[in-house]
Amino acid sequence: MKIKLADGSVKEVKDGMNALEIAKELSQKLGKSAVAAKINGTTTELTATVPDGATLEILTFDDEEGKKAVWHTASHVLAQAVRRLFPEAKLAIGPATDSGFYYDFDTEKPFTNEDLAKIEKEMKKIIAENLPLTRFTLPREQAIAKMEAAGEPYKVELIRDLPQDAVLSFYEQGDFTDLCAGPHAVSTGKVKVPKLLRTAGAYWRGDEKNKMLRRIYGIAFPSQKELDEHLQQIKEAEERDHNKLGRELHYFTTSPAVGQGLPLLMPKGAKTMQLLQRFVEDEEESRGYVLTKTPFMAKSDLYKISGHWDHYKDGMFVLGDEEKDDEVLALRPMTCPFQYTVYNAEHHSYKDLPIRYGETSTLFRNEASGEMHGLIRVRQFTLAEGHIICTPQQLEDEFMGVLDLIQYIMGVLGIENDVTYRFSKWDPSDKDKYVGDAQEWERVQDAMRTILDHTGLTYYEADGEAAFYGPKLDIQFKNVFGKEDTLFTVQIDFALAERFGMTYVDSDGQKKTPYIIHRSSIGCYERTLAMLIEKYAGALPMWMMSEEVRVMNITEGAMEYCRAFADRLKKAGIRVTVDDRPEKIGYKIREARGERIPYMLVAGDKEVADGTFAVRRRGQGEIGNMAQDALLELITSQDREKVIF
RNA sequence: GCUGAUGUGGCUCAGGGGUAGAGCACAUCCUUGGUAAGGAUGAGGUCGUGGGUUCAAUUCCCACCAUCAGCUCCA
């Protein structure tokens with residue numbers, strides 16, 4: 001029979017050969033060890049038979065899917081090791097992820113670090129045994145009986161919840177069998193070098209009403225060297241953790257007496273945030289936004305109209321008691337109903353629209369205690385919040401305008417390549433969470449999808465991530481731990497305008513309900529600051545640094561000289577300080593470097609004599625001596641908003 | 001909220017049933033120094049908070065608070 005290889009070439013092989021046998025014939029061509037196969041575009045194990053005329057791709061650990069097959073196998077090895085050492089442990093699920101694998105177990109006692117070391121040792125034993133993985137299927141009742149006999153209630157539940165006609169496949173490696181859809185590496189030996197990273201709790205089937213299981217996270221690589229490199233990368237990424245670095249650099253602090261999720265910005269952090277705010281507010285103004293300034297709190301009545309009271313009361317800071325008090329106030333968790341009230345204070349013609357309201361808005365959300373994280377999830381935060389009230393005809397243009405604003409801002413921050421776009425849709429099976437009916441949702445989601453397709457963006461769709469009043473385009477970023485959060489959001493709201501009785505008079509004299517676009521143009525400032533600290537490892541673009549230039553004298557004789565030039569810089573609008581302490585220059589440089597100051601200017605007797613400064617640029621080291629005028633020109637002339645170094 | 005870990009001077013950490021230590025930072029003095037740490041001296045902690053056990057608790061136990069990771073949630 002003939003098969004087609006991934007490179008397009010056609011190969012003649014014996015009938016009924018499996019991918020592994022073909023891979024062996026091709027072994028010198030591959031270079032790397034084969035771990036899985038892709039037959040006609042479907043990833044499968046190497047033991048799968050290749051049909052006549054099929055396209056075959058041999059996957060190695062360097063292929064995303066090959067890697068997943070190995071990691072998935074590693075999770076089975078983990079489960080097998082746990083079963084050997086802790087026979088009472090019940091198995092739940094154990095998939096590969098983008099960054100490794102995990103397996104969830106139900107055990108009486110938590111796994112200790114010593115346990116992990118033991119399990120890892122046992123895994124290495126199983127890998128050395130190089131047990132082949134064999135796949136087989138069972139009819140439903142037999143599959144259930146098998147898992148019941150094995151004492152695996154979670155597996156039984158999984159099978160029972162699968163559709164009646166589902167293929168129930170099992171993978172067996174030595175004395176261990178697991179219900180699993182595959183695909184897998186051909187044998188446990190392919191896992192090579194495993195490493196268990198940590199334990200964590202995880203709800204069975206991701207539902208907090210269910211029992212919490214014990215999850216073990218791990219990773220595996222073809223060699224110790226690659227594993228070490230990976231672990232080093234993780235360590236380096238965690239060095240950038242804003243929660244650590246942001247505190248070390250004195251951007252923010254927290255205090256138990258102030259409370260959880262309530263970071264205090266210190267002078268450096270506050271200055272950077274002010275610079276970001278000025279930039280965003282000016283940019284919005286130039287794009288036709290008008291300002292509002294609305295209260296931090298309102299009566300519960302307002303949130304009842306918007307629906308936030310019903311949907312999110314538990315997440316709000318409520319002042320007073322509904323049972324006892326005539327008036328109950330609540331701190332605002334968002335600005336929407338306030339800006340709608342502003343809109344309703346005037347009558348509007350279609351000629352007024354679109355109206356673009358913007359507000360640098362302080363918001364309060366009573367996040368659950370386990371959710372708070374540095375500057376990323378907090379109880380009080382600042383959002384560049386805006387609502388665009390427009391006619392249906394204007395919706396697409398306005399949406400595009402918002403996207404253009406967001407992309408411009410991302411460009412200036414230098415993060416446009418660090419984000420992904422998520423089209424967040426409703427979940428038709430969760431009616432409680434969403435207002436409106438299915439027809440409306442489908443209509444608005446279709447409209448949004450059409451707009452998104454017109455933008456040419458690469459985006460992915462996510463069910464159940466919409467706001468209760470409409471679908472969203474969320475711009476997502478990952479922090480140093482790989483956890484994803486929303487940075488920017490654009491939402492189409494088809495529900496709240498009507499609830500608030502917002503109208504405009506159209507050209508035909510009829511009152512109509514406008515569309516509303518909710519959007520944030522820079523995300524929450526605290527979260528954005530966190531992401532910037534992590535992205536730049538504290539070396540933020542110069543224009544948003546609280547201190548752009550530090551002038552340092554070597555000798556007392558150069559002190560006045562340094563101060564005088566710093567004054568010149570200050571007059572030119574540069575944020576500059578002078579370090580004229582009687583310290584050694586190496587010491588001053590060390591401190592300034594630690595603070596990621598973009599320009600360090602050094603003067604001793606020599607510089608005083610020839611009117612120059614020894615210039616050191618962040619990330620570049622010494623760049624030589626420069627005369628004062630040329631230096632002033634260099635520092636002030638560049639486009640400080642765009643230069644990142 | 002749930003699971004697990006952690007909490008010792010401003011920071012990073014050591015220690016351990018008999019009321020505490022290092023380095024950095026800070027203060028004073030000496031040092032006039034050439035691009036990542038000059039030297040000396042000193043000050044600073046009721047060992048997260050509150051209970052309990054004990055002759056004695058920072059150390060052991062319990063509760064709470066906070067921090068970290070993961071889960072769940074995220075208008």
Side-chain angles (χ1 to χ4, degrees), chain A residues 102 104 109-113 197-217 238 241 243-244 247-248 250 253-262 303 306-316 332-337 363 365-374 376-378 383 385 424 433-435 465-470 472 474 481-486 489 491 493 496 518 524 552-559 581-594 600-607 614-616 621-623 625:
Chain A
Y102 65 81
D104 288 345
K109 273 190 251 156
F111 295 110
T112 63
N113 282 337
L197 298 170
R198 59 176 177 270
T199 59
Y203 297 110
W204 166 237
R205 307 194 110 179
D207 187 335
E208 64 179 328
K209 290 187 209 76
N210 288 340
K211 185 167 185 185
M212 182 154 273
L213 307 172
R214 304 188 193 281
R215 176 172 294 181
I216 298 178
Y217 282 97
E238 288 176 4
D241 177 7
N243 206 7
K244 184 169 176 284
R247 290 169 197 269
E248 278 169 19
H250 296 184
T253 186
T254 50
S255 153
V258 175
Q260 213 184 2
L262 297 168
Y303 308 111
S306 66
H308 288 91
W309 192 259
D310 287 341
H311 284 271
Y312 294 106
K313 189 171 66 178
D314 290 346
M316 289 166 65
R332 64 174 176 197
M334 72 292 115
T335 320
C336 323
L363 303 179
R365 294 181 188 177
N366 194 2
E367 302 282 359
S369 64
E371 305 305 340
M372 261 75 79
H373 173 61
I376 288 180
R377 277 287 281 278
V378 290
L383 194 66
E385 189 160 15
S424 300
K433 198 180 153 186
Y434 302 98
V435 300
E465 295 287 351
F468 71 83
Y469 46 71
K472 304 189 284 178
D474 290 320
F481 298 103
K483 190 168 172 141
E484 195 175 276
D485 272 296
T486 300
T489 182
Q491 311 170 359
D493 176 356
L496 298 191
H518 302 233
C524 138
M552 295 169 252
N553 65 319
I554 297 172
T555 56
E556 206 177 322
M559 197 193 274
R581 294 173 301 168
E583 292 289 350
K584 286 224 180 352
I585 192 64
Y587 185 84
K588 293 184 186 183
I589 294 280
R590 181 171 188 274
E591 266 192 10
R593 285 184 59 136
M600 290 159 258
L601 310 182
V602 177
D605 296 340
K606 209 170 75 194
E607 284 75 17
V615 182
R616 177 182 261 280
E622 290 178 78
I623 60 168
N625 276 50

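By convention in this document, chain letters (A, B, ...) are assigned in the order of the sequence lines, proteins followed by strands, and residues within each chain are numbered from 1.
Applying the side-chain contact (heavy atoms from CB on, under 4.5 Å) criterion to A/Tyr434, with sequence neighbours excluded, gives A/Trp426, A/Asp427, A/Asp430, A/Trp441, A/Ala466. Partners of A/Tyr312 according to the ring pair (Phe, Tyr, Trp, His ring centres under 6.0 Å) rule, which considers only residues two or more places apart in sequence or in another chain, are A/Phe468. Every ring pair (Phe, Tyr, Trp, His ring centres under 6.0 Å) that A/Tyr469 has, sequence neighbours left out, goes to A/His518. With sequence neighbours excluded, the residues satisfying side-chain contact (heavy atoms from CB on, under 4.5 Å) with A/Ile554 are A/Ile585, A/Val602. In this structure A/Arg365 satisfies the side-chain contact (heavy atoms from CB on, under 4.5 Å) test together with A/Pro333, A/Met334, A/Leu363, A/Glu367, A/Phe381, sequence neighbours excluded. Applying the side-chain contact (heavy atoms from CB on, under 4.5 Å) rule to A/Thr555 yields the partners A/Ala558, A/Asp605; only residues at least two apart in sequence or on another chain are considered. Here A/Trp204 pairs with A/Glu157 under the side chain to side chain donor-acceptor pair (under 3.5 Å) rule; sequence neighbours left out.
Here the separation of B/C30 from B/G45, taken at their C1' atoms, is 29 Å to the nearest Å. Here, B/A27 and B/A43 have their C1' atoms 7 Å apart, quoted to the whole Å. The separation of B/G38 from B/A66, taken at their P atoms, amounts to 41 Å, rounded to a whole angstrom. Across the C1' atoms, B/G7 and B/A63 are found 16 Å apart, a figure rounded to whole Å.
Contact check, A/Lys433 against B/C74: a side-chain N or O comes under 4.0 Å of OP1 or OP2. Residue A/Lys209 places no side-chain N or O under 4.0 Å from the OP1 or OP2 atom of B/C2.
A/Arg590 contributes a side-chain N or O that forms a donor-acceptor pair with the base of B/A37 under 3.5 Å. Side-chain N/O atoms of A/Tyr203 and base N/O atoms of B/G70 include no donor-acceptor pair closer than 3.5 Å.
Each of A/Gly482 and A/Lys472 was matched to the nucleotide of RNA chain B holding its nearest heavy atom; the match closer to the 5' end belongs to A/Gly482.
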All N/O pairs under 3.5 Å across the protein-nucleotides 4-10 of chain B interface:
none

Which pairs, protein N/O on one side and nucleotides 26-35 of chain B N/O on the other, fall under 3.5 Å?
{"residue": "B/U32", "atom": "O2", "partner": "A/Glu556", "partner atom": "N", "Å": "3.3"}
{"residue": "B/U32", "atom": "N3", "partner": "A/Glu556", "partner atom": "OE1", "Å": "3.2"}
{"residue": "B/U32", "atom": "O4", "partner": "A/Glu556", "partner atom": "OE1", "Å": "2.1"}
{"residue": "B/G33", "atom": "N7", "partner": "A/Ile554", "partner atom": "O", "Å": "2.4"}
{"residue": "B/G33", "atom": "O6", "partner": "A/Ile554", "partner atom": "O", "Å": "3.1"}
{"residue": "B/G33", "atom": "O6", "partner": "A/Glu556", "partner atom": "N", "Å": "2.6"}
{"residue": "B/G33", "atom": "N2", "partner": "A/Pro582", "partner atom": "O", "Å": "3.4"}
{"residue": "B/G34", "atom": "O6", "partner": "A/Asp605", "partner atom": "N", "Å": "3.4"}
{"residue": "B/G34", "atom": "O6", "partner": "A/Lys606", "partner atom": "N", "Å": "3.2"}
{"residue": "B/G34", "atom": "N1", "partner": "A/Glu607", "partner atom": "OE1", "Å": "2.7"}
{"residue": "B/G34", "atom": "N1", "partner": "A/Glu607", "partner atom": "OE2", "Å": "3.4"}
{"residue": "B/G34", "atom": "N2", "partner": "A/Glu607", "partner atom": "OE1", "Å": "3.2"}
{"residue": "B/G34", "atom": "N2", "partner": "A/Glu607", "partner atom": "OE2", "Å": "2.6"}
{"residue": "B/U35", "atom": "O2'", "partner": "A/Arg616", "partner atom": "NH2", "Å": "2.6"}
{"residue": "B/U35", "atom": "O2'", "partner": "A/Glu622", "partner atom": "OE2", "Å": "3.1"}
{"residue": "B/U35", "atom": "O2", "partner": "A/Arg616", "partner atom": "NE", "Å": "2.9"}

For this session: Encode nucleotides 59-68 of chain B as B, S and - characters from 5' to 3', where the letter depends on protein heavy atoms closer than 4.0 Å: B to the base, S only to sugar-phosphate, - to neither.
Result: -------SSS
Exercise. Which nucleotides of nucleotides 39-50 of chain B have their base under 4.0 Å from a protein heavy atom (B), which only their sugar-phosphate (S), and which neither (-), written as one string 5' to 3'?
Worked result: ------------
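Separating the CZ atom of A/Phe468 from the C1' atom of B/C74 is a distance of 13 Å, rounded to the nearest angstrom. Straight-line distance from the CG atom of A/Asp474 to the P atom of B/C73: 15 Å, rounded to whole Å. Whole-Å rounding puts the A/Glu238 CD to B/U12 P distance at 16 Å. We find that CG of A/Asp314 is positioned 15 Å from P of B/A75, with the value rounded to whole Å. Per the geometry, CD belonging to A/Glu248 stands 17 Å off P belonging to B/C24, to the nearest Å. Here the C1' atom of nucleotide B/G38 and the NZ atom of A/Lys588 are 14 Å apart, to the nearest Å. The distance between atom CD of A/Glu367 and atom C1' of B/U72, rounded to the nearest whole Å, is 12 Å.
Side-chain proximity of A/Glu371 to the nucleotides B/A36, B/U72, B/A75 is greatest for B/U72.
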For this session: Report the secondary structure of RNA chain B in dot-bracket form, marking unpaired bases with a dot and bases paired to a different strand with |, and treating Watson-Crick or G-U pairs with both distances under 3.5 Å as paired.
Result: (((((((..((((....[..)))).(((((.......))))).....(((((..]....))))))))))))....
